[in-house]
Amino acid sequence: MDETARQLERTVQAVLARGEGLHVASPPREIYLTMAETVTRQASAWQCAHGMIGDPHNAPGVESVTATARYCAAVGHLLAAGRCADLLESGARAMQWCLAQLERSLEAGESWPCANFNLKDMMVLCAAARERLPADRIAAWRARLSGWEPEQVYHGHANWWFYATAAEALRIEHGLSERVDWIDATLAGEMPQWSAHGMYRDPGDPVTYDLTVRQSLAMMLAHGYAGRFAGWARETLRAGALATLLMVSPTGVVPFGGRSAQYHMQEAMLAYLAEWQARQEAARGDPRLAGALRRMALAGAQAASRWLLRAPYAVSKHLMADEPFFGQDGFGAGQNAHSGYGLLAANLFAGAWHVADETTEPRPMPADIGGYALHLPDAFYRTFATAGGYHIEIDTRGQPGYDATGLGRIHRAGLPVELALNMPIDPQPRYAMPLTPAARRVGFGPGWPVGEGWRWLAEAARDDDYEVRVTTDEGADAVTVEVEYGGDIGAPQALVRENYHLSREGLGYEAHVPGAHRLRLQVPAIETDGEATSAIEVDASGLRVSYRGHAYTVGLERPAARAFVEDRRAPNRNGIYHIAVFEAEGEHVGCRIEPR
């Protein structure tokens with residue numbers, strides 16, 4: 001264990017020790033299967049006569065790539081859990097369609113598109129159906145799944161390889177391959193992409209593709225991988241799990257950041273890898289840490305259930321039903337994520353049910369307790385802080401097209417994630433946005449005059465040449481974070497300083513831009529998630545938002561010289577926001593933020 005992992009363990013264990021005696025309620029493990037079955041049964045209605053799973057938002061006969069194989073895995077996991085016996089033949093038809101695609105590619109001497117993703121999921125159904133279908137039918141499937149070498153079929157880059165190594169581990173487990181050497185060589189090639197915090201660095205550091213890679217590693221180990229890198233995988237997954245415990249919000253949702261975000265498959269990935277890691281910690285004799293991991297897994301599932309346990313289910317964290325491609329990425333033109341990513345969530349949640357150990361009782365996770373911060377300075381570039389039921393995520397190097405620099409998340413336990421802000425807003429999103437996008441990049445934070453216009457901290461980009469210094473003061477009841485941006489940040493004296501103070505009384509915020517004679521503070525305010533609509537009030541004292549029976553207030557330290565709401569709305573993956581702007585004289589602005 002290296003020093004970063006040791007420090008993560010010290011921090012997590014110290015927080016958990018403070019939570020002794022605290023009781024938190026978690027849903028039962030059955031929530032995984034209930035969500036999986038809800039999605040899978042809806043998807044069964046989209047099956048074509050030849051077995052392919054379509055999508056209600058695609059043209060007839062068009063698959064959102066991977067959807068059919070992901071349906072196979074969802075059915076397989078549910079069958080193995082004693083559910084959905086009536087979907088066995090539907091799953092078998094989906095398997096036949098997938099196998100035909102594989103065979104066609106092999107005959108043509110071509111790589112099967114998405115083979116890495118699909119074969120892992122096909123193996124799940126093959127295993128589950130073995131005692132449920134005639135032996136000759138299973139034998140035919142196994143023959144098609146074994147008559148080739150990994151080099152013939154798997155292809156791609158970055159996270160794709162981990163789907164492939166998980167698929168190969170399943171083939172080896174079921175006697176269809178002996179190519180542990182291929183897994184070892186593939187993992188060796190990806191070693192430079194791991195951060196000190198046990199997180200995988202797909203290009204651009206997207207959170208989703210860290211989670212999916214770690215989930216794939218956990219799946220490999222769960223299915224018997226014992227090759228050259230098994231020990232490394234266990235140590236890396238443990239470090240990553242400890243870091244994740246300090247990043248996840250009290251609401252249960254995973255951090256924002258990068259592409260393929262705000263889908264419930266993210267919480268499903270979290271559930272699988274956290275339940276698997278909980279087993280490891282229980283075996284190590286640490287029921288407190290194991291229980292915290294189980295709590296994190298179940299909290300993520302409970303968060304996702306708001307959108308999944310409905311008909312039709314919502315594939316991501318909004319309800320913009322009139323715009324079916326709203327906020328989506330990850331699929332080709334004309335292919336909706338509703339099926340592909342909905343079924344990925346279903347099969348991973350159902351998989352989490354299988355790896356979960358109910359003899360370990362869920363215990364408080366760090367986000368239930370608070371009093372800590374985590375800074376990722378060299379990869380992912382984010383700072384997290386949690387105290388008094390409040391949680392913030394600060395992006396210190398925002399990625400254009402997805403995120404913005406500065407405060408991008410303000411959560412409070414028990415409240416809708418989108419109430420204050422769940423993720424930043426981009427004017428040129430690299431995801432589908434059928435509405436007019438925002439006028440500029442938006443997070444919660446300051447702007448200052450430059451010439452005839454304004455420069456906003458949110459506009460600082462990942463590749464810009466500026467420095468970031470983060471300091472924290474962490475107490476059991478309160479946490480203070482100071483972020484200092486220096487150098488080529490576009491400020492009058494090349495310096496912007498932000499201070500955040502979290503406690504049970506709320507979130508205190510201050511921005512200081514030395515040399516500025518005026519400042520503006522931009523504050524996103526939710527208008528709608530597509531279903532509920534807010535009421536917004538803005539005056540010189542601050543902002544008040546009423547939404548879904550809750551309130552969100554931003555009270556200024558001193559009355560604003562000017563306060564207004566911009567005409568242009570600002571959508572992100574969670575819905576549509578208005579931007580409130582407060583102008584103050586001088587180089588300092590402060591406020592208190594309270595979602596309740």
Note, V254 side chain near E267 side chain (heavy atom, < 4.5 Å): yes
Ion pair R382/D205, N-O distance below 4.0 Å: no
Validation row, ring centre Y71 to ring centre W46 under 6.0 Å: no
Parallel, tilted or perpendicular, as decided by the 30° and 60° cut-offs, for the rings of H77 and H354: tilted
H264 ring center within less than 6.0 Å of Y341 ring center: no
Q47 side chain vs A43 backbone, donor-acceptor pair below 3.5 Å: no
T68 side chain vs I53 backbone, donor-acceptor pair below 3.5 Å: yes
Residue of the set H174, M95, R144 for which side chain to side chain contact (heavy atoms under 4.5 Å, CB included) holds with C126: M95
Geometric cation-pi criterion R573 and Y431, 6.0 Å radius, 45° cone: yes
Salt bridge E107-R104, side-chain N to carboxylate O under 4.0 Å: no
Main-chain N/O of M423 paired to R409 side chain as donor or acceptor, under 3.5 Å: no
Flag, side chain of T165 to backbone of F162, donor-acceptor distance under 3.5 Å: yes
Note, L273 side chain near L237 side chain (heavy atom, < 4.5 Å): no
Validation row: H411, E393 side chains within 4.5 angstrom (heavy atoms): no
Nearest heavy-atom neighbours spanning D202 and A158: OD1-CB, 3.0 Å
Residues that R179 engages under side chain to side chain donor-acceptor pair (under 3.5 Å), provided they are two or more places apart: E149, E151, D181
Other residues, nucleotides, ligands: >12 heavy atoms within 6.0 Å of E361 CD: no
R137 atom CZ, neighbour heavy-atom count above 12 within 6.0 Å: yes
Exercise: identify the closest heavy-atom pair between A129 and L88: CB-CD1, 4.4 Å
Salt-bridge criterion met for R238 and E281 (N-O under 4.0 Å): yes
For the student: nearest non-hydrogen atoms of Q328 and N336, plus distance: NE2-OD1, 3.0 Å
Nearest non-hydrogen partners of Q42 and P312, listed with the distance: OE1-CA, 3.3 Å
Those residues that, when tested against D86, pass side chain to side chain contact (heavy atoms under 4.5 Å, CB included) (two or more places apart): R41, C84
Student check: side-chain heavy atoms of M269 and T208 closer than 4.5 Å: yes
Close aromatic pair by centroid cut-off 6.0 Å: Y154 and W148: yes
Nearest-0.5 Å distance, CZ of residue R83 to OG1 of residue T40: 10.5 Å
Side chain D329, main chain S260, donor-acceptor under 3.5 Å: yes
Residue that, paired with N574, satisfies side-chain hydrogen bond (donor to acceptor under 3.5 Å, both in side chains) out of Q262, H318, K317: Q262
Carboxylate-amine/guanidinium contact R6 E3, below 4.0 Å: yes
Minimum-distance pair of heavy atoms, taken over all atoms of P366 and L16: CD-CD2, 3.8 Å
Minimum heavy-atom distance L8-L246, with the two atoms named: CD2-CD1, 4.0 Å
Q215 side chain near L211 side chain, heavy-atom distance below 4.5 Å: no
Close side-chain approach of L170 to K120, heavy-atom, < 4.5 Å: yes
